[in-house]
Amino acid sequence: MCGIVAYIGHRDATPILLEGLKRLEYRGYDSAGIAVLQGEDGTTLDQVKSVGRVRVLEDAINAHGGLPGSIGIAHTRWATHGGVTQANAHPHHDDVNLGHGIAIIHNGIIENYQSLRIWLTEKGHVFSSETDTEVLVHLIGELYHGDLEKAVQSALREVEGAYAIAVICKKEPGVMVVARKGSPLLVGIGKDEYVVASDQSAIVAHTNQAFALDDYTVAKLTRDSFRTTTVDDIEVTAEVYKLELEIEQIELGNYKHYMLKEIFEQPRALRTCIQGRIDHRAGQVVLGGVNEFGRDLARAKRIVFVGQGTALNAAMIGEYLMEDLAKIPTDVEFASEFRYRNPIVEEGTVVIAISQSGETADTLAAMKEARQKGAMGLGVVNVVGSTISRETDAGVYLRVGPEIGVASTKAFVGQVMVSALLATFIGRRRFLSQDQVTTLLDEMTAIPGKIERVLEQSDSIRDATSRFVGRENWLFLGRGVNYPVAMEGALKLKEISYIHAEGMPAAEMKHGPIALIDDGMPVVFIATRNSQYDKVISNIEEVRSRGGHVIAVATEGDKDIARLCEAVFYVPDVIEPLQPLVSVIPLQLLAYHAAVLRGKDVDKPRNLAKSVTVE
Ligand code: AGP
């Protein structure tokens, strides 16, 4: 997803902007650019744009002779409208002849840009790109009458869609106007300076005081002040809060990739996730964010999880956990489908939005749709202060630390652990006995140590993976709570190694996909000891009899299964509801090693964004 960084202050803007863009590279992008106001009177606006990585932009700026100035805007573009070209890269400018030297960077989609473009063209505007963003800045230019803040407000009242923007104008050298609807934007407050960015990772090097813009909010920044209003110029109060992120948390350290770092961080991440939330003495779960809703949750008639991608896979495990432990009818929905289906939301419905970033547009919209129909909304989110976390009635933060790798790993296990904590919290208020809860809490507490034992097998998992990495089609199969793990294993492999992989319930294979199995096809089974183990073994036999090569995730001590498999990744024994927390680990490592062996860009896989803030 696009990255936005902007600076207004007394320091040289370009180094700050470039460092900020590098902090946002993990979001996924294909081009980049910077525009800077120059001279104390700001009478010139200079810029450099380039296709490719930020380092290409850095080289282009050096070749350009630098970009001096203390007010600037910078952008990494993830193409939505228009191809990956230098012309389409941001920043964009208003009309060369009719304009006022206005530059903009934008994250989001202006849905009515075509009609606006026609109207502006009829007024003589000439466009140089295919983007919706350029239409927006031409509209601002058309509505500019000497006050940039007012021109931005007027223009935003005319547009439909999502935006996070930063705008500067050479006629107003000491001013920057920023605004947001649907795409996140934070304003970091420094000493006589502000750093604006799509997320906190580009701000924390400069300040830990910030405010997040709400939808339809506009902020006018000068070097020593800011003013926040609605798009109708009604003053609103900005809620300043402390950013929790420490810069060390987002450093790569001694790891080759963020994804590998975050895979190995999972034991520590889960210890932080459960810290203070398991009271062994009282034998109960303590969730400050939802405690006051305990009675309402215990009386819920239906629970609906909504999410996308990995978060949806975690939600599928949440469904099993809620029905098993809380005994409440539970569904899982693609957020993107739920939001448009005019869903039936009856009294007593609780919707749980699962999201690492807390900014996924479809998940946010699904949550809003459900709450609008009367549901209680809970958020299971990692990023503190993110939009979803601010749009719910209550929630539980993952507390697994910032996740930089595009392929989600520690957030997934955090989402599953929080779902287990929630299910136990509710279950104890319904039918779970104290002994059952005590067992669950002991098992949850033991999980990080058990994951550590799986991580020790990373090299052997790499060696096994190397034997199959040339195969272009894989199946991932599991039953019960391990069926979503099969989905997650397939997604991991797809998104970073570009191998085609499909996850499904093991029994479903016989209803068509078994036709895919040919000699040597890798088929990964999650075959840990549990209530459906024997049925999984039967499925393994069916695959083997058709020439498939079986890779199994099995329980330590299960020697029998080895005779059926080309490779076995052993995990410690865990009670069935919590098995996904360990059975997913070998699959994360498998995907990681496959991508490295295939020479792929593990942390910035092609076409992908870390947070999909557009529909
Ligand atoms: C998972 O590895 C992907 N990066 C992607 O599927 C992701 O899980 C999905 O876009 C949801 O993101 P969220 O958790 O930030 O809402």
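Start at 1 and go down the list; that is how both ligands and their atoms are numbered. Since the structure is predicted, the reported quantities are computational estimates derived from the model, not experimental observations. Along the sequence shown, the residues carry numbers beginning at 1.
At the shortest separation from atom 10 (O) of ligand 1 among protein heavy atoms lies Val612 CG2, 4.2 Å. For atom 15 (O) of ligand 1, the closest non-hydrogen atom on the protein side is Ser357 OG, 2.7 Å. If you check which protein heavy atom lies closest to atom 2 (O) of ligand 1, you get Glu495 OE2, 2.4 Å.
Scanning both residues, Leu17 and Ile73, for their nearest heavy atoms gives CD1-N, 3.9 Å. Pro522 approaches Ile551 most closely through the heavy-atom pair CB-CD1, 4.5 Å.
Within ligand 1, counting atoms from 1 as listed, the ones closer than 4.0 Å to a heavy atom of Ser408 are 1 (C), 2 (O). Applying the 4.0 Å criterion to heavy atoms of Gln308 picks out, from ligand 1, the atoms 8 (O), 9 (C), 11 (C). Here is the list of ligand 1 atoms found below 4.0 Å of a heavy atom in Lys492: 1 (C), 2 (O). Residue Gln356 has at least one heavy-atom neighbour below 4.0 Å for each of these atoms of ligand 1: 13 (P), 14 (O), 15 (O), 16 (O). Less than 4.0 angstrom separates some heavy atom of Ala407 from each of these atoms of ligand 1: 2 (O). Annotation for ligand 1: atoms under 4.0 Å from non-hydrogen atoms of Thr310 are 1 (C), 2 (O), 6 (O), 8 (O). Which parts of ligand 1 touch Ala311 is read off a 4.0 Å heavy-atom cut-off, strictly below it: atoms 8 (O), 14 (O).
By the 30° and 60° cut-offs, the orientation of the rings of Phe264 relative to Tyr255 is tilted. Relative orientation of the Trp474 and Phe468 rings is perpendicular, given thresholds of 30° and 60° on the angle between their planes.
Counted within 6.0 Å of CZ on Arg55, heavy atoms from surrounding residues, nucleotides or ligands total 12 or fewer; the atom is thus considered open.
Every salt bridge (charged side-chain N to carboxylate O under 4.0 Å, His left out) that Lys492 has, sequence neighbours left out, goes to Glu488, Glu495.
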Review point. Given Ile278 and Val286, is the side chain to side chain contact (heavy atoms under 4.5 Å, CB included) satisfied, shown in steps?
Key: CA-CA 6 Å; Ile278 291 180; Val286 179; over 6 Å; no
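Within the 4.0 Å heavy-atom cutoff, Glu359 does not count among the residues contacting ligand 1. Ligand 1 lies nowhere less than 4.0 angstrom from a heavy atom belonging to Thr363.
Here atom 16 (O) of ligand 1 lies nearest to Thr360 when heavy atoms of Leu364, Thr360, Val406, Ile388 are compared.
Only one option out of Arg23, Lys261, Lys22 pairs with Glu251 in a salt bridge (Lys or Arg N to Asp or Glu O under 4.0 Å); it is Arg23.
The cationic atom of Arg180 (NZ for Lys, CZ for Arg) does not lie both less than 6.0 Å from the six-membered ring centre of Tyr163 and within 45° of the ring axis.
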